[in-house]
Amino acid sequence: MFSKEIYQTRRAQLAERVLSGGLILLPGNGESSINYPSNVYHYRQDSSFLYFFGLQLPDMFGVIDIDNNTETLYGDDLTIDDIIWTGPQPTISELGAKAGISDTKPLSSLWEQINLAIRKGRRIHFLPPYRAENKLRISDLLSIKPAAIADYISVELAIAVVSLRDKKSDEEVAEIERACRIGYEMHTKAMEMCREGVVEREIAGAIEGISMQKGGGTSFASIVSQHGETLHNHCYDGTLTKGRLLLVDAGAQTTMGYASDFTRTIPVGGKFTQQQKDVYNIVLAANNKAFELSAPGKLYKDIHLECARVLVNGLKDLGLMCGDTDEAVAAGAHALFMPHGLGHMMGLDVHDMEDIGEKYVGYDLETERSTQLGVSSLRMGRRLEPGMVMTVEPGLYFIPALIKKWSDEGLNKQFINFNKLEPYLDFGGIRIEDDLLITETGNRMLGDERIPVTVEEIEEFMKATL
Ligand code: GLY
Ligand code: MN
């Protein structure tokens with residue numbers, strides 16, 4: 001973890017930003033069961049708890065009393081029965097000391113503090129819980145039915161937390177860059193292995209192994225698929241076939257929980273066909289356009305739309321789209337080929353703070369989420385500021401079911417040459433994703449070295465590893 005002063009400063013800043021006063025209740029995560037109680041998922045601390053306390057053990061609560069300027073960490077010391085199974089662990093007071101908190105108490109006392117505050121009519125601020133266990137704990141603590149919890153979350157706290165977590169400090173950027181270095185190794189390993197006859201899960205296993213060897217595992221479920229047109233495809237059953245593309249969307253988290261997220265789309269056997277090159281270079285041009293444009297003050301939604309124009313122009317050159325580019329983008333016609341957003345914030349979560357609500361993370365009073373297919377999936381639309389870390393991940397996909405639907409309905413037929421799409425129905429999809437930091441003057445690509453990305457770089461890299 002970082003030094004305790006960093007966590008003390010973050011908590012003090014948080015308290016200052018919740019102007020209405022009261023208590024801030026920050027639950028850590030507990031263990032979560034897979035298929036029977038004692039078989040648990042790999043433990044992952046809640047990212048806001050991690051941000052404000054830095055502690056990675058289960059079953060702790062943090063409370064910040066804004067009005068009385070106090071902070072308390074709640075958790076139970078292990079009994080000898082626990083220690084037999086878990087080995088010795090720091091006591092709650094030792095954990096508190098690491099996070100710069102002197103007041104630590106057993107979990108049972110949390111109910112007293114909360115009940116007293118409720119009796120006094122004080123406001124208790126909490127973020128939207130996303131795990132069933134924490135929903136039940138909050139329900140129990142605050143006597144709110146689980147189904148009604150969403151009505152009681154603190155928008156003021158959500159906005160305050162986002163306002164701190166959305167700008168990454170130098171030490172956070174250094175952690176993210178560590179995650180990017182692991183991501184580089186994962187993706188170059190996939191390039192080495194991408195040969196005819198290899199099964200997708202062999203590549204998934206190898207790259208996820210790297211994320212465990214070098215850090216804290218993956219930052220999300222890896223996508224390793226010849227069916228890149230299925231956006232979040234978590235099936236690894238395919239055997240690699242010459243002539244197809246393999247889409248690998250994968251990243252690592254560091255042992256402190258900071259993420260990377262990269263996508264490369266590579267040819268099985270190391271050589272792109274002409275058709276693949278043509279589509280690939282359009283996506284790469286859109287990815288490069290996003291780097292050209294990303295800078296403080298720019299609306300990310302505008303950058304998304306500008307990249308969409310690059311895609312439309314490229315598809316027009318291939319004869320797949322037609323008409324006026326601006327009109328096509330305004331109508332959302334490009335969403336047939338890219339039905340997702342350009343990118344998202346990244347930090348302690350790969351989709352940073354998505355649990356708090358994209359409404360507060362990616363949008364604000366100035367920017368509202370669109371309902372149009374494509375832009376509606378843009379997780380981040382608001383103005384960029386120095387310190388933000390973003391992904392840039394344009395793609396082009398040929399989704400047979402969507403093409404059929406639009407073609408049958410004649411949707412956007414003035415912009416799409418449906419009769420030219422037949423040769424692309426088994427193409428799959430291409431996405432190219434990199435991570436960037438918004439600086440004072442523009443942006444900087446994260447990682448020591450860009451993962452091979454041009455057609456030539458990828459073919460050369462794959463040839464050298466034959
Ligand atoms: N890399 C997966 C995603 O951004 O949704
Ligand atoms: Mn991503």
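Source: prediction; values computed, not measured. Counting convention: from 1, in listed order, for ligands and their atoms alike.
Glu393 contributes atom OE2 as its closest N/O/S atom to the Mn ion (ligand 2).
Angle subtended at the Mn ion (ligand 2) by Asp261 OD2 and Glu433 OE2: 80°, rounded to 10 degrees.
Using a cutoff of 4.0 Å between basic side-chain nitrogens and carboxylate oxygens, Glu292 and Lys289 are scored as salt-bridged.
Between the side chains of Asn313 and Thr325, at least one donor-acceptor pair of N or O atoms lies under 3.5 Å. Judged purely by distance below 3.5 Å, without hydrogens or angles, the side chains of Thr465 and Arg195 pair a donor atom with an acceptor atom. A donor-acceptor pair shorter than 3.5 Å cannot be found between the side chains of Thr263 and Glu393.
Here is the list of ligand 1 atoms found below 4.0 Å of a heavy atom in Phe220: 1 (N), 2 (C). Listed by number with element, the atoms of ligand 1 under 4.0 angstrom from any heavy atom of His351 are 3 (C), 4 (O), 5 (O). Of all atoms in ligand 1, listed by their number and element, those nearer than 4.0 Å to a heavy atom of His344 are 4 (O). Of all atoms in ligand 1, numbered sequentially from 1 with element shown, those under 4.0 Å from a heavy atom of His232 are 2 (C), 3 (C), 5 (O).
Remark: minimum distance from atom 2 (C) of ligand 1 to any protein heavy atom is reached at Asp249 OD2, 3.4 Å.
Residue His340 places every heavy atom at 4.0 Å or more from ligand 1.
Geometric assessment of Arg178 against the ring of Tyr258 yields a negative cation-pi assignment under the 6.0 Å and 45° thresholds. For Arg131 and Tyr41, the positive end is not near the middle of the six-membered ring at less than 6.0 Å and at most 45° from its axis.
The Mn ion (ligand 2) has an N, O or S atom of His344 under 2.8 Å away, backbone or side chain.
Within 6.0 Å of CD in Glu368 there are 12 or fewer heavy atoms belonging to other residues, nucleotides or ligands.
In terms of polar-atom proximity, defined here as any N/O pair under 3.5 Å, Arg379 makes no such contact with ligand 1.
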